[in-house]
Amino acid sequence: MNEIILFTSNECLYCSIAKKKLEEVIDEYGGLFELKLKNIEQESSETPITVLPTVIIGRKKFEGVLEKDQIHTALFSS
C-alpha cells in the first residue's frame with residue numbers, strides 16, 4: 001500500500017478541502033493508497049512545512065490544495 005501524507009493544523013481552512021479531494025481520489029483506487037494525516041501542532045516532523053496544506057506523495061512535496069487531476073498524476077509519477 002502506498003502512503004500519502006497530508007500535513008494539517010487545527011486552524012487551516014483549506015486542509016479539510018484538501019483532505020476531501022484526496023479521499024475522493026483514493027477511494028477510486030480501492031485501497032491501493034492510504035491517507036495519513038499529520039497535525040503539525042501535535043507532531044514533530046523531519047519535513048520542513050511552511051505552507052498548509054502540504055501533501056507528500058512518494059518523494060514529491062506539494063503545497064496548497066491540489067486538483068483531482070493533479071493528484072491522479074502525482075500518484076503514478078512519484
Side-chain angles (χ1 to χ4, degrees):
M1 180 177 308
N2 298 311
E3 184 176 273
I4 300 166
I5 303 170
L6 173 61
F7 291 90
T8 67
S9 82
N10 296 336
E11 297 178 13
C12 174
L13 300 175
Y14 295 102
C15 292
S16 61
I17 296 168
K19 180 182 175 207
K20 181 179 178 186
K21 286 186 180 189
L22 287 165
E23 288 173 336
E24 289 173 359
V25 171
I26 288 169
D27 285 345
E28 293 179 29
Y29 294 102
L32 186 59
F33 300 97
E34 178 183 7
L35 180 61
K36 297 251 180 170
L37 301 176
K38 295 199 177 233
N39 188 316
I40 63 166
E41 297 165 348
Q42 298 171 353
E43 298 183 36
S44 63
S45 171
E46 295 176 10
T47 305
I49 303 300
T50 57
V51 175
L52 289 176
T54 293
V55 180
I56 305 289
I57 300 175
R59 296 180 184 158
K60 295 184 180 181
K61 179 171 118 176
F62 302 90
E63 297 177 335
V65 178
L66 298 174
E67 295 300 324
K68 288 183 181 182
D69 61 330
Q70 292 174 301
I71 299 167
H72 284 286
T73 301
L75 290 175
F76 295 101
S77 67
S78 52

Review point. Pairs in or reaching into residues 8-20: which pass salt bridge (Lys or Arg N to Asp or Glu O under 4.0 Å), with residues at least two apart or in two chains?
Key: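 For residues 8-20, and leaving out neighbouring residues, the salt bridge (Lys or Arg N to Asp or Glu O under 4.0 Å) pairs sorted by first residue read K19-E23.
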Review point. Please, which pairs that meet ring pair (Phe, Tyr, Trp, His ring centres under 6.0 Å) have at least one residue in residues 10-32, sequence neighbours excluded?
Key: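 Residue pairs passing ring pair (Phe, Tyr, Trp, His ring centres under 6.0 Å), neighbours aside: Y29-F33, Y29-H72, Y29-F76.
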Test of understanding: clusters of I, L, V, M, F, W, Y form through side-chain heavy atoms closer than 4.5 Å, transitively. Do [X] and [Y] belong to the same one?
X   : Y   : value
I17 : V55 : no
I56 : I40 : yes
V65 : F62 : no
L66 : L32 : yes

**Study point:** Heavy-atom check, side chain of E63 versus side chain of T50, under 4.5 Å
**Key:**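 Yes; the side chains approach each other to less than 4.5 Å.
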Please name the pair of heavy atoms, one in [X] and one in [Y], separated by the smallest distance, quoted to 0.1 Å.
X   : Y   : answer
V51 : G64 : CG1-N, 4.2 Å
C15 : L6  : O-CD2, 4.1 Å
I57 : A74 : CG2-O, 3.6 Å
K61 : T54 : CG-CG2, 3.6 Å
I5  : E3  : CD1-OE2, 3.6 Å

Point to revise | side-chain hydrogen bond (donor to acceptor under 3.5 Å, both in side chains) partners for N10, two or more places apart | key: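 If we apply the side-chain hydrogen bond (donor to acceptor under 3.5 Å, both in side chains) test to N10, skipping adjacent residues, the hits are N39, E41.
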Point to revise | Gap between atom NZ of K36 and atom CG of L22 - 0.5 Å precision | key: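 The CG atom of L22 sits 15.0 Å away from the NZ atom of K36.
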Exercise for review: Could I get the full list of salt bridge (Lys or Arg N to Asp or Glu O under 4.0 Å) partners for E24, not counting sequence neighbours?
Suggested key: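 So E24 forms a salt bridge (Lys or Arg N to Asp or Glu O under 4.0 Å) with K68.
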